[in-house]
Protein chains: 2
Amino acid sequence: MIESLTRKQQELFHFLLQHQDRFTQPPTLDELCLAMGLKSRGSLHAHVTALIGANLIKPLGGKQRGIQLTDYAKTLINHQDDPCRLPYVGVIAAGQPIEALENISYMAIPEPLKTDKPCYILTVKGDSMIEQGIFDGDWVIIEQRAYARNGEIVVALVNKAEATLKFIEQYPHETLLIPANASMKALRYKPEQVEIQGVLVGQMRSYTKTQ
Amino acid sequence: MIESLTRKQQELFHFLLQHQDRFTQPPTLDELCLAMGLKSRGSLHAHVTALIGANLIKPLGGKQRGIQLTDYAKTLINHQDDPCRLPYVGVIAAGQPIEALENISYMAIPEPLKTDKPCYILTVKGDSMIEQGIFDGDWVIIEQRAYARNGEIVVALVNKAEATLKFIEQYPHETLLIPANASMKALRYKPEQVEIQGVLVGQMRSYTKTQ
DNA sequence: TAGCATAAGAACTGATAGAGAACAAAATAA
DNA sequence: TTATTTTGTTCTCTATCAGTTCTTATGCTA
């Protein structure tokens with residue numbers, strides 16, 4: 001996405017990332033022109049349109065409310081500026097798609113619980129990993145990647161519909177998703193049915209909120 | 001929600017947030033007009049209506065002087081969770097005193113994993129709490145206090161020598177320290193043998209460092 | 001040369017903001 | 001109670017603002 005931007009477009013994007021706190025309200029084109037030393041809204045608008053195409057800022061559908069970064073763009077800053085804060089994106093319950101939140105919030109995460117790759121946080125619903133010490137209501141930190149080694153715990157999207165947190169075993173003609181719960185069985189799929197969305201790298205639990 | 005507001009509407013909302021203490025009673029439209037430099041109540045009223053539609057303020061049932069921030073709006077204020085840092089003080093292994101570190105280090109801890117009382121962090125050694133999802137090598141966040149309710153998980157110092165992480169049950173003539181591990185037995189002590197050093201409030205695990 | 005990125009500026013359109021009038025409901029004073 | 005003032009609500013009208021779409025122009029590079 002970002003690679004397809006021209007130099008000026010990247011410059012604009014980085015400006016928006018770095019100064020997003022500076023604006024209490026989303027900036028107007030005129031304000032951005034002033035800030036970037038341009039004299040014409042029209043010129044800037046072309047760059048803005050490119051950023052919208054790259055899914056970095058949101059179009060506001062005819063409204064006049066300034067331009068806003070997308071959630072996707074915000075995850076990018078996060079990795080650049082403040083490695084300790086990760087996006088909390090929603091809830092993962094076995095058999096359901098990940099329930100995404102309207103407003104992504106950020107949590108400060110201890111350095112050892114994450115990797116230096118992009119990560120995000122989910123809340124776990126269900127007991128499928130209970131024998132691995134992952135309980136209903138725990139938070140998990142997931143490294144965003146599309147592949148895994150056998151024996152890793154992954155966020156897997158099955159049939160493009162159901163998300164689940166399981167051990168994974170991948171063989172040429174079969175992919176197994178294995179719970180850590182004696183009362184549940186391993187699930188067998190064709191490799192193409194299973195899409196890996198991330199790998200477990202950390203886990204957290206609060207004893208004050210849950211009980 | 002808040003994104004659906006126009007600039008002026010957001011400005012009004014922020015004004016209300018910042019000056020909510022300033023008004024002993026909810027402000028009238030005229031007072032708000034004065035404060036925001038408007039001359040017409042009618043203009044302001046449109047903004048107020050928009051904020052009501054966004055569930056940010058509520059009218060008080062037809063009464064005058066009615067506008068108040070909603071609970072939802074108040075949650076937006078204290079949303080700034082500063083990454084707070086807790087001291088990492090050492091290792092707790094059942095049967096050993098807490099092995100204190102020479103140099104105490106600090107870790108950034110997510111807000112929900114701690115309390116607003118003083119807390120500290122230990123590394124767990126051993127499997128005595130394995131059925132509670134607390135594994136060898138996990139970090140635990142402990143709220144520093146000298147008392148506990150029955151059923152809480154505590155850091156207990158036994159005979160002023162051995163530290164351990166267990167469920168506690170306190171009775172007039174007996175204190176029980178109960179592991180969460182079917183292969184281990186509960187330990188019985190006289191109350192004066194057991195000193196509580198803190199109560200478990202959070203737990204964390206890294207899957208990248210431990211395996 | 002053609003093609004692209006960049007910029008300026010004009011012109012257009014719908015969104016937004018504000019003033020003021022008029023009226024209704026509520027609060028206050030008599 | 002009644003009369004008066006304050007406050008909330010609805011409306012119209014107008015001016016301005018902000019996003020968009022143009023055209024034009026200037027470098028730069030393959």
Side-chain angles (χ1 to χ4, degrees), chain A residues 1-20 22-70 73, chain B residues 1-20 22-70 73:
Chain A
M1 280 298 196
I2 285 191
E3 315 82 55
S4 65
L5 299 180
T6 68
R7 207 174 332 150
K8 262 295 171 183
Q9 288 160 8
Q10 296 210 19
E11 190 183 319
L12 172 61
F13 179 56
H14 285 133
F15 178 87
L16 291 174
L17 286 186
Q18 287 169 16
H19 296 96
Q20 59 165 353
R22 193 174 116 183
F23 301 102
T24 53
Q25 313 224 356
T28 65
L29 293 190
D30 280 334
E31 287 169 344
L32 283 179
C33 279
L34 194 64
M36 297 195 62
L38 297 179
K39 294 179 184 172
S40 162
R41 262 178 304 170
S43 316
L44 187 77
H45 183 259
H47 300 149
V48 166
T49 306
L51 292 193
I52 291 175
N55 191 31
L56 294 171
I57 61 180
K58 301 179 208 174
L60 287 174
K63 310 285 179 168
Q64 302 180 175
R65 288 164 194 180
I67 66 177
Q68 293 182 316
L69 295 173
T70 61
Chain B
M1 273 302 195
I2 203 167
E3 293 170 7
S4 67
L5 298 180
T6 67
R7 282 181 227 290
K8 267 294 168 184
Q9 288 160 10
Q10 295 205 26
E11 191 183 315
L12 172 61
F13 178 56
H14 286 133
F15 178 87
L16 291 174
L17 282 185
Q18 288 170 16
H19 297 95
Q20 55 173 338
R22 188 171 123 185
F23 301 103
T24 51
Q25 50 181 335
T28 66
L29 290 188
D30 280 334
E31 287 168 347
L32 283 180
C33 277
L34 193 63
M36 296 195 62
L38 297 181
K39 295 178 184 172
S40 161
R41 263 177 303 164
S43 313
L44 187 79
H45 182 260
H47 299 151
V48 168
T49 306
L51 292 194
I52 292 174
N55 193 30
L56 293 172
I57 61 179
K58 55 188 169 191
L60 263 186
K63 307 282 177 163
Q64 297 186 214
R65 294 188 163 272
I67 69 176
Q68 284 186 321
L69 294 174
T70 61

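No hydrogens, no waters, no symmetry mates; every other heavy atom, side chains included, goes into these values. A note on names: the letters A, B, ... follow the listed sequences, proteins ahead of strands, and every chain is numbered from 1. All values reported here derive from a predicted model rather than from experimental measurement.
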For the residue pair [X] and [Y], establish whether any side-chain heavy-atom pair is separated by less than 4.5 Å.
| X | Y | result |
| --- | --- | --- |
| B/Q68 | B/P26 | yes |
| A/L51 | A/L16 | yes |
| A/M36 | A/E11 | yes |
| B/R7 | A/T28 | yes |
| A/L44 | A/L12 | yes |

Would you kindly give the [atom1]-to-[atom2] distance between [X] and [N], to the nearest whole Å?
| X | N | atom1 | atom2 | value |
| --- | --- | --- | --- | --- |
| A/L5 | C/dC4 | CG | P | 17 Å |
| B/I67 | D/dT7 | CD1 | C1' | 12 Å |
| A/R7 | C/dT6 | CZ | P | 7 Å |
| A/L51 | D/dG19 | CG | C1' | 15 Å |
| A/Q10 | C/dA5 | CD | P | 13 Å |
| A/Q68 | D/dA18 | CD | P | 15 Å |
| A/L34 | D/dA18 | CG | P | 12 Å |
| A/Q9 | C/dC4 | CD | P | 14 Å |

Residue-phosphate contact under 4.0 Å: [X] side-chain N/O, [N] OP1/OP2:
| X | N | answer |
| --- | --- | --- |
| A/K39 | C/dG9 | no |
| A/T6 | C/dC4 | no |
| A/R65 | C/dG14 | no |

Original post:
Of all of residues 25-32 of chain A, which get a heavy atom below 4.0 angstrom from DNA chain C, listed by number?
Top reply: none
Grab the N/O contacts between the protein and nucleotides 21-29 of chain D below 3.5 Å, and write none if there aren't any.
none

**OP:** Identify whether any heavy atom of A/L44 sits under 4.0 Å from a base atom; if not, whether one sits that close to sugar-phosphate; answer base, sugar-phosphate or nothing.
**Re:** nothing
Taking atom [atom1] of [X] and atom [atom2] of [Y], what is their separation to the nearest 0.5 Å?
| X | Y | atom1 | atom2 | value |
| --- | --- | --- | --- | --- |
| A/H47 | A/L5 | NE2 | CG | 10.5 Å |
| A/L38 | A/H45 | CG | NE2 | 14.0 Å |
| A/F13 | A/L69 | CZ | CG | 6.5 Å |

Original post:
Does a distance-only test, which skips hydrogens and angles, find a donor-acceptor pair under 3.5 Å between the side chain of A/S40 and the base of C/dG9?
Top reply: yes
Original post:
Are any side-chain N or O atoms of B/H19 and backbone N or O atoms of B/F15, one a donor and one an acceptor, separated by less than 3.5 Å?
Top reply: yes
